[in-house]
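To start, the structure under review is shown below, and the notes come after it.
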Amino acid sequence: MYLIVDKKSLNPTVTYMEIEAPFVARKAEPGQFIILRVDADGERIPLTIAGYDREKGTVQIIFQIVGATTEKLNHLQAGDSIQDFVGPLGVATETEGLKKVCVVGGGVGCAIALPVARKLHELGVEVTSIIGFRSKDLLILEDEFAACSDELIVMTDDGSYARQGNVTVPLKEMLEAGRTFDKIITIGPLIMMKFVVLTAKEFQVPCTVSMNPIMIDGTGMCGGCRLTLNQDGKRVTKFACVDGPDFDGYEVDFDEAMSRGAMYRDFERHAYEEACNLFAKEVKA
Amino acid sequence: MMLKPNMSLKKNPMPSQDPKVRAHNFDEVACGYTEEMAIDEALRCLHCKHMPCVAGCPVNIHIPEFIQKIKEQDYEGAYQIISQTSSLPAVCGRVCPQETQCEAKCVRGIKGEPVGIGRLERFVADWHNAHAETAPEVPASNGHKVAIIGSGPSGLTCAGDLAKKGYKVTVFEALHLAGGVLVYGIPEFRLPKAIVQKEVDNLKAMGVDVETNMVIGKTLTIDEIFEMGYEAVFIGSGAGLPNFMNIPGESLKGVYSANEYLTRSNLMKAFRDDPVTPIMKGGRVAVVGGGNVAMDAARTALRLGAEKVYIVYRRSMEELPARREEVEHAMEEGIEFNLLTNPTEILGFTNPENPRDPKNGTVTGMTCIRMELGEPDERGRRRPVPIPDSEFTLPVDTVIMAIGTSPNPLIKSTTKGLEVNRRGGIVVEENTGATSREGVYAGGDAVTGAATVISAMGAGKVAAKAIDEYLSK
């Protein structure tokens, strides 16, 4: 069992947790992920690592409450334990040799983008961060990003906070104005990453994306997380769990990834409603 | 008491659930011999002096001796004989391909059917599990620590043999549950999970530690395991990496590797009425491949409510590599065999009117081509060759690829000096399981690529013996 050391609500749908997992904390790097099960009958879900404290032996996760498992997880408190917590899995984000990087995060993806920005900042890289949210009440981690970015631009889709528009608007403006980056690293919803890649491509800036497909074991065993890369005119299958989760954004077939991501949508919606009903009943009783 | 030998040419048939009933449940198909059947079958053994069956067994179980004990109705005695050489008798009695091993060598098989050795082994193991009350002995410690990577058949066997000799053994398992392919791969109806759990519990009772959620190559490396004070390491990490055919359409919604499909059903319990892990159920299902894994996937699909399940295999029935009993069971249950058939493309749905239709990208069918057998290949198997212009479409909703697995590269890629072959298998010395790294041994599918439970167990035994010799120096 793995102890929940700390828990905070970052906004109504996003929760922060710090979990005691010394073996994972010892080795975790930005860009890697963990798989957890909330209880003995639970499903395995992958979550990208939001931070780690090697001395305390803890790993931080930030998750959006989108389904039955994250709903159940959100009902646990500091002092409770979760059943399984395994990692660090996947390959760490490549940071070697970079001098100027633009980190583009969207929604809860910002939780994963943050450790990458932090690491780059620690390495002395010039970091420009663009973080976008649907609206002001969904905003997370603004101060944390400010602390590790040379420049921070916050966007909201509805204009309820900071600048209105999506993350590609300021990115495009900067690139048009002649700003240069060694690399753009983007983490967020697939549709957002797809358009960040298109913008990056227009200005020929290399772009890394962090993929988060449906997964079971996280060790390359099931192939459920497979995605297709277009490499030199060839279609190549890769497993996000062991080959990723970071990929060259130019190569990823986003449309296929979006289609595969929706494979169990009906099941997931049903399970989520059931879980919510169950918790609602418990509250009444 | 001298009992008359039973000269019947046929084995005592295995009682099993009615095919119509079992096609809709996950309970075990074969129900096991009664005591009377077991004695009657044991009496078919002629106790030949040269014991060819023993040589046919990868772990050389003293077969005629345990059968003799059955005749004497000393079932616990029979169990003790089996457990001298096999650590998982209840598992092997169920999943071993006896027809190509011990039973293939049985003299009774020359004229008629061989002795049902597998069925007798299962009877003895089940009898022991139901009646024996003695807890396993905890051997005196010899002070040496050994790490085992993977809790499948080779790892459990190696751990058991070393623990019996007094080694302090820790088994590292990547998943949340121990058992490896015995829990994520082989379905409940063929190998009840309670049996695997019992074997794991037995090891724990002998003092073996089982650490789940430890992905070696990620959470810990082999070098770090040595730094932690372990003096030898056995790698039994299996052949977990699924192969795909690399044909168009393999990323459509509804295409699974057999590993994913079976893991969802077996390990994640998607077969239960109220599952937390989803799986596509019902409709028409094609399983590509002809091994035991293909049979397991096909029969799982049927039990999950498929209307129609096809096996699609590019060679003929004769070359079908699955265990004969599984093929027979699958046929009885109504699974249709499309032999000499090979898929060329998987077809998906597209709504030209609505690009956001959630049905877009789901499987609607599979294009296949008929095959014929040509010249034998280097392994002597006749090579399947496509028949021109014989394409046809099989309308299906789910496709499961069961065309084999390769060794998982996670350990190789993080262990310096560990030699692997072209197919990713760890290179070992056959007689010891020793790898190119000192103190590191390997066995099972991680070495050979996908093979059988019993050969993995055999490799686990060989390595345990070699590790003992290495650490006794």
Side-chain angles (χ1 to χ4, degrees), chain A residues 2 21 23-24 26-27 32 34-45 68-69 72 83-91 214-228 235-237 239 242 253 255-268 270-271 274-275, chain B residues 173-177 184-185 211-221 224 237-244 246 248 250-264 267-270 272 274-280 348 355-356 358 360-362 401 405-406 408-410 413:
Chain A
Y2 300 79
F23 275 111
V24 186
R26 227 158 51 89
K27 289 207 159 168
Q32 290 189 295
I34 57 95
I35 283 187
L36 63 78
R37 288 200 319 150
V38 176
D39 51 36
D41 271 325
E43 68 171 332
R44 295 171 68 95
I45 60 160
T69 298
K72 258 197 287 183
Q83 184 75 27
D84 295 295
F85 194 86
V86 56
L89 301 169
V91 181
I214 297 169
M215 219 174 253
I216 304 180
D217 60 288
T219 64
M221 200 183 85
C222 83
C225 67
R226 64 191 182 276
L227 49 91
T228 305
R235 294 188 48 86
V236 179
T237 300
F239 292 175
V242 286
D253 182 339
D255 294 340
E256 180 188 284
M258 281 185 257
S259 173
R260 285 186 65 80
M263 194 153 162
Y264 299 109
R265 193 158 282 168
D266 288 346
F267 178 96
E268 285 159 356
H270 177 74
E274 294 260 294
Chain B
E173 166 55 45
L175 292 171
H176 57 261
L177 192 65
Y184 77 73
E211 299 279 349
T212 52
N213 295 329
M214 297 296 267
V215 183
I216 305 308
K218 287 287 171 189
T219 314
L220 281 177
T221 62
E224 287 165 326
S237 53
L241 203 69
N243 298 340
F244 286 93
N246 297 315
E250 273 183 309
S251 288
L252 291 166
K253 290 183 277 188
V255 184
Y256 291 96
S257 73
N259 259 11
E260 179 182 1
Y261 192 77
L262 291 171
T263 300
R264 281 178 184 273
L267 180 72
M268 304 312 299
K269 310 289 175 217
R272 286 190 190 158
D274 190 16
V276 295
T277 297
I279 195 165
M280 290 200 172
R356 287 170 175 267
N360 285 340
T362 53
M401 289 293 172
T405 51
S406 308
N408 196 314
L410 275 186
S413 62

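Computed from a predicted structure; not experimentally measured. We name chains A, B, ... by the order of the sequence lines, and we start the count at 1 in each one.
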- prompt: Short question: side chain of Asn259(B), backbone of Met221(A) - any donor-acceptor pair under 3.5 Å?
  reply: yes
- prompt: So what's closer than 4.5 Å to chain A heavy atoms on Leu241(B): side chain, backbone, both or neither?
  reply: both
task: Under 4.5 Å heavy-atom distance to chain A, tell me which part of Met280(B) shows up: side chain, backbone, both or neither.
output: both
query: Say you draw a straight line from CD1 of Ile216(A) to CG of Leu175(B); how long is it, rounded to the nearest 0.5 Å?
result: 10.0 Å
- prompt: Nearest 0.5 Å, what's the NE2-CD distance between His176(B) and Gln83(A)?
  reply: 8.5 Å
message: Less than 4.5 Å to any heavy atom of chain B: does that hold for the side chain of Thr228(A), its backbone, both, or neither?
response: side chain
Reported CE-to-CD distance for the pair Met215(A) and Glu260(B), which is rounded to 0.5 angstrom: 11.0 Å
statement: Highest number of heavy-atom pairs under 4.5 Å with chain A among Leu177(B), Thr212(B), Asn360(B), Val255(B) belongs to Val255(B)
field: Contact class of Thr221(B) relative to chain A, heavy atoms under 4.5 angstrom
entry: both
message: Please identify, among Ala239(B), Ser257(B), Pro278(B), the residue contributing the most non-hydrogen atom pairs under 4.5 Å to chain A.
response: Pro278(B)
- prompt: Measuring from Leu36(A):CG to Asn213(B):CG, what's the distance to the nearest 0.5 Å?
  reply: 10.0 Å
message: Is there a side-chain contact (heavy atoms from CB on, under 4.5 Å) between Val215(B) and Val86(A)? Walk through the geometry before answering.
response: CA-CA 8 Å; Val215(B) 183; Val86(A) 56; 3.5 Å; yes
task: Check whether Pro275(B) gets within reach of chain A through its side chain, its backbone, both or neither, counting any heavy atom under 4.5 Å.
output: both
- line: If one checks every heavy atom of Leu227(A) against chain B at 4.5 Å, the contacting part turns out to be neither
- prompt: Under 3.5 Å, side chain of Arg260(A) to main-chain N/O of Ser251(B), donor-acceptor pair present?
  reply: yes
message: Among Lys218(B), Met214(B), Glu211(B), which residue satisfies the side-chain contact (heavy atoms from CB on, under 4.5 Å) criterion with Phe23(A)?
response: Met214(B)
query: With respect to chain B, which residue among Ala21(A), Ala262(A), Gly90(A) yields the maximal number of heavy-atom pairs within a distance under 4.5 Å?
result: Gly90(A)
query: Of the backbone (N, CA, C, O) and the side chain (C-beta and beyond), which part of Asp266(A) lies under 4.5 Å from a heavy atom of chain B, both, or neither?
result: neither
field: Among the listed options Asn408(B), Thr219(B), Asn246(B), the residue most often paired with chain A at heavy-atom distances under 4.5 Å
entry: Thr219(B)
Full working for side-chain contact (heavy atoms from CB on, under 4.5 Å) between Leu410(B) and Val242(A): CA-CA 8 Å; Leu410(B) 275 186; Val242(A) 286; 4.1 Å; yes
message: Could you measure the distance from the CG atom of Asp217(A) to the CE atom of Met268(B)? Nearest 0.5 Å is fine.
response: 10.0 Å
field: Donor-acceptor contact present, side-chain Arg265(A) to main-chain Pro358(B), <3.5 Å
entry: no
field: Option in Arg44(A), Glu268(A), Glu256(A) with maximal non-hydrogen atom pairs under 4.5 Å from chain B
entry: Arg44(A)
message: Only pairs of heavy atoms separated by less than 4.5 Å count here; which of Pro88(A), Gly220(A), Gly223(A) has the most with chain B?
response: Gly220(A)
statement: Whatever's closer than 4.5 Å to a heavy atom in chain B on Phe85(A) counts as backbone
Leu262(B) portion near chain A, given a 4.5 angstrom heavy-atom threshold: neither
- prompt: Between Thr263(B), Leu252(B), Leu220(B), which has the largest tally of heavy atom pairs under 4.5 Å with chain A?
  reply: Leu220(B)
query: What part of Phe244(B) is in contact with chain A, defined as an atom under 4.5 angstrom from a non-hydrogen atom: side chain, backbone, both or neither?
result: side chain
